[in-house]
Structures are given as C-alpha cells and as structure tokens.
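The structure displayed is predicted, hence computed values, not measured ones.
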Amino acid sequence: MTTEFALLRGLSDGERRQLLASCTPRRFKRREILCHEGDPGDTLHLVVSGLLLIRVATPLGYTATLSVIGPGDAFGELALLSPEAKRTATVEAAENAETLSLSRAQLTALRATYPGVERMLTDTLVEQVRRLSGMVLEALYLPVEARVVRRLVNLARIYGGPAPIAEIRLTQDDLASMAGTTRVTANKILRELEDRSIVELRRGRIVVTDRRALVAAANTYH
C-alpha cells in the first residue's frame, strides 16, 4: 500500500495495517456514481487512485459541486458514527478510480479492539468542524475574487501535482459552485486571469499555465 491516507495518520502501524487489511478494494469507471445523496451512510471509502466529485442538489433543483477529492482522501467516515445517518452528497468518479471500502460492521469491530480507531474518528470530527467553520468565515468575509482564486490554487494542486501546468477538467459552473458564486462572476474573474496569462479557458476545462502567479494572486487577499 503506497497511498498515504490522511485519515489514518493518528493510528499506530499495527492499527493501520489491521484497518487496511479489513478493507475491500473497489474500482469505479469515469462518471460512475459511488453513492447518491440520501443513501444509507454505511460505508467508508479511502481513495487509492483517481479523482471524485462531491456534489449536492440545491433547493432549486440544480446540482452544485462542493469539492474534488483524490488519492489519500476519504469520504463517508462521519456517516458511520450513526446507524441512521444518510449520505449528505452524491459522489461521482471524475475519472477511473479505486477505493478501499470499510463497512459500518467492520469499523465497529475495529473500534472495539483498537482504541486508536476511536481517536481517529474523534479527530476527524474535530477537523470537519474546523474546516466547515473556515468555509463559513470565507463565505462571510472574503471577497468572491479571493474565493475563486483560492479554489483554483487547490484544484491546480489536485489535478496538476508538482507539474508547472495544471489542466483542471471541470466546468466554470463547477468552479463557481465551489467558490459560492455564480458562473457569470466566476467567468469574469477567469477572464481577468486569462488576460494576465495565468490561465487558459477551454471547453469543459481550465488550464492553469502559471501556477506561481496564481498562488501570488491568491496571497494578495487576506
């Protein structure tokens, strides 16, 4: 196992090995749905390879993209804490992907045997609250330009890794929903970045051609 999972960092080597040994490998094709919003939350997934889109339905019936996760990330861990929990989002494979899945029954058995697993879930809950609080603060106090540019920096890291150029295979609608704004506003900000030769706009994707300049632009907002 070469993927380092952030969720498991607090476990001892023995606890980590036991948890991973209990998992079931799963493979998903591009555009395949891993779970739907409202489904029973009975499985944890650790992402081994590929990228996954986290999406929700809005009150107006539209689909909004909340985030993109990739190797080393996980989803479904908090839903396992309650037998009545439902999936809060739909997860779709943006490309061919592999995960390691763990059922609620398996996790319950591990929690009873390995105390580190219980601490892992507690730490995850704390981190989730911290992350959501940060998102609320961003939405309330950061200008929309800052939110769009920061999302682009994060997406360039996810899609581009260490490469100097990152091809983000998402639409402007996806970026807008992640930044909590409209497509019109996101397009205006992207056009300004394109005029500065930081990005190129193509059909169904955004190419970041100067990642250093994009990071510098993000750092101008406080």
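The same ILVMFWY cluster, assembled from side-chain heavy atoms under 4.5 Å apart, contains both Leu152 and Val68. Taking hydrophobic clusters as Ile, Leu, Val, Met, Phe, Trp and Tyr residues chained together by side-chain heavy-atom distances below 4.5 Å, Ile198 shares a cluster with Ile158. Hydrophobic clustering keeps Phe28 apart from Leu102 (ILVMFWY residues linked when any side-chain heavy atoms are closer than 4.5 Å, directly or through intermediates). Leu44 and Val117 fall within the same hydrophobic cluster, defined by Ile, Leu, Val, Met, Phe, Trp and Tyr side-chain heavy atoms under 4.5 Å apart, directly or through other members.
A salt bridge does not link Asp210 to Arg196: none of the charged nitrogens lies less than 4.0 Å from a carboxylate oxygen. Between Lys188 and Glu192 there is a salt bridge, with a side-chain nitrogen of the basic residue lying less than 4.0 Å from a carboxylate oxygen of the acidic one.
Residues Ile165 and Arg211 come closest through the heavy atom pair N-CD, 4.3 Å. A pairwise comparison of heavy atoms in Ile189 and Val149 identifies CG2-CG2, 4.5 Å as the closest pair. Between Phe75 and Arg87 the shortest heavy-atom distance is CD1-NH1, 4.3 Å. In terms of heavy atoms, Leu53 sits closest to Arg31 at CD1-NH1, 4.0 Å. Closest of all the heavy-atom pairs between Ala156 and Val208 is CB-CG2, 4.2 Å. Residues Leu100 and Cys23 approach most closely at CB-CB, 3.7 Å, considering heavy atoms.
In this structure, the separation between CG on Leu193 and CG on Leu201 is 8.5 Å, given to the nearest 0.5 Å. Within the model, atoms CG of Asp195 and CG of Leu190 stand 11.0 Å from one another, a figure rounded to the nearest 0.5 Å. Here OG1 of Thr90 is found 12.5 Å from CG of Leu52. Values are rounded to the nearest 0.5 Å. With values rounded to the nearest 0.5 angstrom, Arg131 atom CZ is found 6.5 Å from Ser67 atom OG. Here the OG1 atom belonging to Thr182 is positioned 9.5 Å from the CG atom belonging to Asn187, to the nearest 0.5 angstrom. For the atom pair CG of Leu11 and CG of Leu110, the computed distance is 9.5 Å after rounding to the nearest 0.5 Å.
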Next on the checklist: Checking Leu155 against Leu175 for the side-chain contact (heavy atoms from CB on, under 4.5 Å) test, could you report, in this order, the C-alpha distance in whole Å, the side-chain angles of both residues, the deciding distance, and whether it holds?
Outcome noted: CA-CA 9 Å; Leu155 289 169; Leu175 176 63; 4.0 Å; yes
Next on the checklist: Could you walk me through whether Asn154 and Arg157 satisfy the side-chain hydrogen bond (donor to acceptor under 3.5 Å, both in side chains) test, starting with their C-alpha distance in whole Å, then the side-chain angles of each, then the deciding distance to 0.1 Å, before giving a yes or no?
Outcome noted: CA-CA 5 Å; Asn154 185 55; Arg157 177 187 58 80; 2.7 Å; yes
Next on the checklist: Apply side-chain hydrogen bond (donor to acceptor under 3.5 Å, both in side chains) to residues Arg26 and Thr99 and explain how you reach the verdict.
Outcome noted: CA-CA 5 Å; Arg26 303 282 302 278; Thr99 71; 5.8 Å; no
Checklist entry - Can you check side-chain contact (heavy atoms from CB on, under 4.5 Å) on Val56 and Leu66, steps first, answer last? => result CA-CA 7 Å; Val56 297; Leu66 296 183; 3.6 Å; yes
Checklist entry - For Leu8 and Leu20, what are the C-alpha separation, side-chain angles and deciding distance, and is it a side-chain contact (heavy atoms from CB on, under 4.5 Å)? => result CA-CA 10 Å; Leu8 310 184; Leu20 292 174; 3.8 Å; yes
Item to check | CA sep, side-chain torsions, deciding dist, call: Lys86, Glu37, salt bridge (charged side-chain N to carboxylate O under 4.0 Å, His left out) | outcome: CA-CA 8 Å; Lys86 302 292 184 181; Glu37 184 178 358; over 6 Å; no
Checklist entry - Where do Thr124 and Glu127 land on the side-chain hydrogen bond (donor to acceptor under 3.5 Å, both in side chains) test, with the steps shown first? => result CA-CA 5 Å; Thr124 300; Glu127 180 57 33; over 6 Å; no
Item to check | Residue pair Thr113, Thr108: steps toward the side-chain contact (heavy atoms from CB on, under 4.5 Å) verdict | outcome: CA-CA 9 Å; Thr113 306; Thr108 299; over 6 Å; no
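Just one residue in the list Arg30, Arg27, Arg169, Lys29 forms a salt bridge (Lys or Arg N to Asp or Glu O under 4.0 Å) with Glu95, and that residue is Arg169.
In this structure a side-chain-to-backbone donor-acceptor pair under 3.5 Å is present from Glu15 to Ser12. The backbone N or O of Thr63 sits nowhere less than 3.5 Å from a side-chain atom of Thr58 that would complete a donor-acceptor pair. Between the side chain of Arg130 and the backbone N or O of Leu125 there is no donor-acceptor pair closer than 3.5 Å. Of the possible polar contacts, none joining the Asp123 side chain to the Met120 backbone as a donor-acceptor pair under 3.5 Å is found. Ser101 contributes a side-chain N or O that, together with a main-chain N or O of Thr24, makes up a donor-acceptor pair within less than 3.5 Å. Side-chain atoms of Arg147 come within 3.5 Å of backbone N or O of Gly180 as a donor-acceptor pair. The backbone N or O of Glu4 sits nowhere less than 3.5 Å from a side-chain atom of Arg9 that would complete a donor-acceptor pair. Side-chain N or O atoms of Glu200 include none that pairs as donor or acceptor with a backbone N or O of Glu194 at under 3.5 Å. A donor-acceptor pair under 3.5 Å is absent between the side-chain atoms of Thr3 and the main chain of Pro71, judged by distance alone. The backbone N or O of Ser103 lies less than 3.5 Å from a partner atom in the side chain of Gln106, making a donor-acceptor pair.
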